2 protein chains.
Amino acid sequence: MSKNGQAKLERHRLLSRYLQGNPFLTDEDLAHILGVSIQTIRLDRADLNIPEMRERVKKMARGVYRHLRAITGKEIVGELVELEVGREGLSILNVTEEMTLQKTRVLDGRYLFAQANSLALALIDTDVALTGTAKVSFKRPVFKGEKVLARAIITRKKGNKYMVRISSYVKDELVFQGKFLVFDLSEEVRRLENSP
Amino acid sequence: MSKNGQAKLERHRLLSRYLQGNPFLTDEDLAHILGVSIQTIRLDRADLNIPEMRERVKKMARGVYRHLRAITGKEIVGELVELEVGREGLSILNVTEEMTLQKTRVLDGRYLFAQANSLALALIDTDVALTGTAKVSFKRPVFKGEKVLARAIITRKKGNKYMVRISSYVKDELVFQGKFLVFDLSEEVRRLENSP
DNA sequence: CTCTGCATTAGTACCTGGTACTAATAATAA
DNA sequence: TTATTATTAGTACCAGGTACTAATGCAGAG
């Protein structure tokens with residue numbers, strides 16, 4: 001068993017390392033690389049509790065998936081907790097690892113903007129609203145684990161234009177402030193649809 | 001063909017969105033969800049140039065893989081096509097279906113903001129840069145299929161503060177304009193790291 | 001009303017990258 | 001030499017497809 005078993009152990013080590021370096025290798029690839037049969041590779045994987053390539057790849061993909069969805073997936077960033085359409089609203093954003101910048105560990109500013117923008121649009125009582133202009137100010141960095149509470153108030157309304165003021169806090173500290181000029185475009189859209 | 005073709009187009013839109021929301025769905029899942037046969041789903045995917053689930057998942061996984069190994073690992077929206085650090089830069093964003101709002105079919109403003117913000121930060125020659133304030137203006141809606149060219153120029157520099165002006169165009173039409181005040185925080189970070 | 005053309009569905013053969021299992025064949029230790 | 005362990009071979013089966021052919025539906029044009 002000694003000589004035989006050592007070769008096996010050594011191969012197990014190599015196998016793990018190869019897969020660590022490149023998880024996309026199939027059993028066939030590995031059999032080639034290690035100069036053994038495909039069955040041996042399968043037995044080795046079974047010994048080492050290493051799943052098949054497709055499962056490995058899926059697992060990795062699921063990792064990014066969350067990261068990706070965090071910003072692009074949803075149209076609304078943050079959770080609406082209070083909404084009085086046409087007046088004011090409240091939204092909470094839980095800052096998770098995926099939302100932070102790798103280097104600084106600070107919440108990516110786009111999330112604060114997105115949260116504010118989502119909330120501003122939600123406030124307008126219409127199907128179709130778009131942001132015209134915005135002036136935003138990032139007051140202090142936000143870190144993982146913090147909860148950002150955004151409060152929005154409609155300060156002015158003139159025709160189909162709304163001015164929305166947003167202040168975002170972590171606890172009692174102001175971290176972000178913005179003014180959004182939002183347009184209600186439902187009329188324009190209706191006109192367009194009725195005259196194709 | 002009108003009624004039939006419209007149903008198809010609508011299904012294509014839904015399909016894209018479902019897969020955007022969850023790229024792990026198999027053809028069988030999609031057939032169930034959309035209430036059509038599996039063959040129809042395959043034809044739709046062919047029309048839309050959407051690869052099979054395993055390929056999609058692999059692509060995502062490879063994405064992470066690069067992400068993990070990337071030296072810079074910057075979260076950039078849009079593709080950098082020109083960058084003269086400290087002076088100016090150019091970035092292109094291809095607007096796809098997934099980036100548009102469902103109701104209006106218009107590019108979600110956050111993408112324009114994110115593209116501009118990414119570009120502004122990339123311009124600063126440092127490891128750690130954060131946006132302080134921003135004033136942005138959305139000039140006209142952008143639609144699927146359009147290419148947004150963002151041009152950024154550093155207009156002022158004062159200590160660790162940079163003023164970056166960004167203008168984004170579709171062809172020759174201005175669609176977005178913004179001013180970003182960006183801070184270079186590398187000094188602060190170094191100080192913090194040296195005194196733990 | 002029938003004909004044409006696209007949309008949809010059905011079905012088949014085949015592929016990759018496996019699992020799960022059985023059996024035969026080395027290689028080694030006792 | 002024999003028992004033990006490692007390796008290889010082979011088979012049946014599976015998911016999730018591709019690629020192709022053929023049948024059926026269904027709307028609009030003439």
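This one's a predicted model, so the numbers in the text were calculated from it and none came from an experiment. Throughout, a chain's letter reflects where its sequence line sits, starting with A, and its residues are numbered from 1.
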Participant: Nucleotides 10-13 of chain D: which of its N/O atoms have a protein N/O under 3.5 Å away?
Facilitator:
unit_1: D/dG10; atom_1: N7; unit_2: A/Gln39; atom_2: NE2; d: 3.2

Participant: Distance check needed: D/dA15 C1' versus B/Glu28 CD, whole Å only.
Facilitator: 9 Å

Participant: Starting from P on D/dA6, measure out to CD on A/Glu10 and report it in whole angstrom.
Facilitator: 16 Å

Participant: Indicate whether the side chain of A/Gln115 and that of A/Ser91 have a donor and an acceptor atom separated by less than 3.5 Å.
Facilitator: yes

Participant: Other residues, nucleotides and ligands only: do more than 12 of their heavy atoms fall within 6.0 Å of CD on B/Glu55?
Facilitator: yes

Participant: Please confirm whether the shortest side-chain N or O distance from B/Arg42 to OP1 or OP2 of D/dG16 is below 4.0 Å.
Facilitator: no

Participant: Starting from P on D/dA15, measure out to CZ on B/Arg54 and report it in whole angstrom.
Facilitator: 11 Å

Participant: Between B/Gln177 and B/Ser137, do the side chains contain an N or O donor and an N or O acceptor separated by less than 3.5 Å?
Facilitator: no

Participant: If I take atom CZ in residue A/Arg11 and atom P in nucleotide C/dA27, what distance separates them, rounded to the nearest angstrom?
Facilitator: 14 Å

Participant: What nucleotide, of D/dT8, C/dT16, C/dT9, holds the atom closest to the side chain of A/Ser37?
Facilitator: D/dT8

Participant: Measure CG/A/Leu30 against P/D/dT8 and give the value in whole Å, please.
Facilitator: 14 Å

Participant: In plain terms, say whether A/Asp47 and A/Lys8 are close enough for a salt bridge, that is, a side-chain N and a carboxylate O under 4.0 Å apart.
Facilitator: yes

Participant: Considering only C/dG18, D/dG17, D/dT7, which nucleotide approaches the side chain of B/Asp27 most closely?
Facilitator: D/dG17

Participant: Does the pair A/Glu84/A/Arg151 count as a salt bridge with the N-to-O cut at 4.0 Å?
Facilitator: no

Participant: Which part of the nucleic acid, if any, lies within contact of A/Arg56, taking any heavy atom under 4.0 Å across all strands shown: a base, the sugar-phosphate backbone alone, or nothing?
Facilitator: nothing

Participant: Taking for each residue the nucleotide of DNA chain C with the nearest heavy atom, is it A/Thr26 or B/Ile38 whose nucleotide lies nearer the 5' end?
Facilitator: B/Ile38

Participant: Starting the side chain at C-beta, find the nucleotide from D/dT7, D/dT18, C/dT8 nearest to B/Arg45.
Facilitator: D/dT18

Participant: Give the nucleotide from the list D/dT7, C/dT19, C/dT8 with an atom nearest to the side chain of B/Lys8.
Facilitator: C/dT8

Participant: Nearest nucleotide by nearest heavy atom, which residue falls closer to the 5' end of DNA chain D, A/Gly35 or B/Pro51?
Facilitator: A/Gly35

Participant: Side chain of A/Glu52: nearest nucleotide among D/dA15, C/dG17, C/dT9?
Facilitator: C/dG17

Participant: Could you tell me whether A/Glu52 and A/Arg54 make a salt bridge, using a distance below 4.0 angstrom between a side-chain N and a carboxylate O?
Facilitator: yes

Participant: Under a plain distance cut-off of 3.5 Å, with no hydrogens placed, do A/Thr133 and A/Lys135 share a side-chain donor-acceptor pair?
Facilitator: no

Participant: Could you tell me the separation between the CE atom of B/Met53 and the C1' atom of D/dC14, rounded to a whole number of Å?
Facilitator: 13 Å

Participant: Let me know the distance between CD1 of B/Ile41 and C1' of C/dA10, rounded to the nearest Å.
Facilitator: 15 Å

Participant: Return the value, rounded to whole Å, for the distance between atom CD of A/Glu55 and atom P of D/dA15.
Facilitator: 13 Å

